[in-house]
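Whatever order the structure lists ligands and atoms in, that order sets their numbers, starting from 1. Please read all numbers here as calculations on a predicted model, not as lab measurements.
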Amino acid sequence: MKIVTIVGARPQFVKAAMVSRAIARHNAAVNRPGPSIDEIIVHTGQHYDDNMSRIFFDQMQIPRPKFNLAVGSGRHGETTGKMLADIEGVLCDELPDWVLVYGDTNSTLAGALAAAKLHIPIAHVEAGLRSFNMRMPEEVNRVLTDHVARLLLCPTRAAVENLRREGVVAGVFHMGDVMYDAALVFGDLAERQSTLLAELGLTPRSYFLATVHRAGNTDDPQRLREIWRAFGRIASPEMPLILPLHPRTRGCIENLGPAFAWDGNPSVRVIEPVSFLDMVMLEKHARAILTDSGGVQKEAYFHGVPCVTLRNETEWVETVEAGWNTVSGAVEASILNAVARCRAGKPIAEYGTGHAAEAVVANLVGFEDKAEMA
Ligand code: UD1
């Protein structure tokens, strides 16, 4: 069986790492159920800086992409269109049995569209998530991808239910979350290999960790100002705030003007984007995490750290219901309030037991094209 995997952005490298490992285990199994899998990885080049891309492949031992489309940066339509054309070319040559896409980036949508036009079945890992905010490019990508996918692999029951409400029931399965698999595998490795806490002079539970990269925050000066001011108020010499900064956000903060200078509060410690192992290490030992990333919200829970989500909604509703996550919006006072109140919550069963990637592979191999519900 031939599978073409499409990746392009950081979170997809992490998810694909887990599924590629599960494919290797499947191929090596003595009593393998079903055919062996030939996986061909296509990197769209959406993320291209070494610390946004190469370092993930190296550290997580992801098989080298056979194709790198080097699409680079640009407007959404422009880059999605370039990817679509190039992926179509790859698929015409490779003629896979499945196209495997992850999450909700422009690379996800381009891969799904290219496959749909060629009538190649699409498997979508992380199907069914919804923010119900169509102004998010990710929401557009998710909805469209789900409606052309044949196999919809959902991380949560809420995702299954979202799909059912949209009339999508065939090929829908609750898998658990491959990010949880990654947290288990790389959590221990990070402890052994990452030296970042020592390099930054940090001790466990004595710092906040923050990430900001969503267009809805970075491209709205009012929201970004509020977030930046809140960071300045939260950070102190005893409890600094560590901010591994996405390149997009760096430029946007610089555009806010002199009142928002980098050295406004030196306890807000801005660092370059970090590798996955270093990020896991920072997450595991933070006092609390402030983020607008979907993946980081869940990783906070996986590592038992309270989270404040710098958005007006979240797709990961179980983290809020279980008490781990507070959705603060992007208003200084609400962020401060949420940080003061955030605490540990209850366990969440939804994300599985660390075997979601194996379930993805089993579904790809064993899929029969019939109406099925999780
Ligand atoms: C993308 C995804 C987002 C995901 C995030 C993970 C879309 C619409 N968004 O957002 O869902 O959560 O990746 O990190 O697909 N840049 C660099 N170097 C890089 C990559 C990006 O400098 O290696 C800069 C460029 O200025 C680029 C900008 O960041 O234009 C935005 O990159 P892009 O991939 O469009 O979106 P992200 O914000 O990274």
Side-chain angles (χ1 to χ4, degrees), residues 6-17 42-58 60 65 68-84 87 101-113 124-127 129-131 133-146 155 179 182 210-220 223-224 227 243-255 270 272-276 278-279 283 289 291-300 309-311 313-316:
I6 310 287
V7 293
R10 284 187 299 187
Q12 291 165 335
F13 307 145
V14 179
K15 293 163 202 164
V42 177
H43 188 330
T44 63
Q46 180 174 346
H47 284 176
Y48 46 86
D49 287 345
D50 273 358
N51 58 2
M52 301 281 284
S53 174
R54 188 187 52 76
I55 197 166
F56 287 78
F57 282 81
D58 291 350
M60 306 181 87
N68 190 325
L69 308 179
V71 70
S73 298
R75 293 189 307 275
H76 283 245
E78 182 189 5
T79 49
T80 310
K82 274 193 212 158
M83 292 183 220
L84 173 62
I87 295 170
V101 295
Y102 292 90
D104 54 18
T105 73
N106 292 342
S107 300
T108 315
L109 178 63
L113 269 182
H124 184 201
V125 173
E126 230 176 57
L129 295 177
R130 296 291 182 268
S131 65
N133 173 3
M134 283 298 264
R135 291 185 62 84
M136 288 177 70
E138 291 86 357
E139 184 77 353
V140 175
N141 295 340
R142 291 180 195 124
V143 172
L144 297 179
T145 299
D146 283 340
M179 293 291 285
T211 75
V212 187
H213 77 279
R214 293 272 176 195
N217 283 332
T218 59
D219 299 0
D220 180 335
R223 290 179 72 92
L224 193 56
I227 291 171
L243 181 63
L245 203 58
H246 188 293
R248 156 216 281 291
T249 315
R250 180 175 288 279
C252 295
I253 290 177
E254 279 161 6
N255 288 340
V270 177
E272 291 298 314
V274 294
S275 72
F276 188 61
D278 284 342
M279 188 63 185
E283 288 169 348
I289 297 177
T291 188
D292 59 7
S293 152
V296 176
Q297 286 172 55
K298 275 175 308 156
E299 283 163 351
T309 293
L310 305 166
R311 289 175 45 198
E313 68 280 309
T314 179
E315 302 78 25
W316 302 102

Go through ligand 1 atom by atom and flag the ones less than 4.0 Å from a non-hydrogen atom of [X].
X	answer
D104	11 (O)
A9	13 (O)
P247	16 (N), 17 (C), 18 (N), 22 (O)

Review point. Is it true that D146 and R130 make a salt bridge, defined as a side-chain N closer than 4.0 Å to a carboxylate O?
Key: yes
Tell me whether [X] has any N or O atom under 3.5 angstrom from an N or O of ligand 1.
X	result
H213	yes
N141	no
S73	yes
H76	no

Check your understanding: Relative to ligand 1, is M52 under 4.0 angstrom through side chain, backbone, both or neither, heavy atoms considered?
Key -> side chain
Check your understanding: Side chain, backbone, both or neither: which part of P11 has a heavy atom under 4.0 Å from ligand 1?
Key -> side chain
Check your understanding: Heavy atoms only: which of E139, E138, H246 is nearest to atom 9 (N) of ligand 1?
Key -> E138
Point to revise | H47, Q46, R248, R214: member with heavy atom nearest to atom 39 (O) of ligand 1 | key: H47
**Study point:** Output field: ring centroids H47/F13 closer than 6.0 Å
**Key:** no
Review point. Of the protein's non-hydrogen atoms, which lies at the shortest distance from atom 17 (C) of ligand 1, and what is that distance?
Key: Y48 OH, 3.2 Å
Point to revise | Residue and atom name of the nearest protein heavy atom (relative to atom 18 (N) of ligand 1), distance in Å to one decimal | key: D49 OD2, 2.9 Å
Revision key, fill the gap. Residues at least two apart in sequence or cross-chain that pass side-chain contact (heavy atoms from CB on, under 4.5 Å) with R54, listed by chain then number, are D50, D58
Revision key, fill the gap. Residue set satisfying ring pair (Phe, Tyr, Trp, His ring centres under 6.0 Å) with H124, at least two apart, ordered chain then number -> none
Are [X] and [Y] linked by a side-chain donor-acceptor pair shorter than 3.5 Å?
X	Y	result
T108	Q12	yes
E139	S131	yes
N141	D104	no
H213	S293	no
S73	Y48	yes

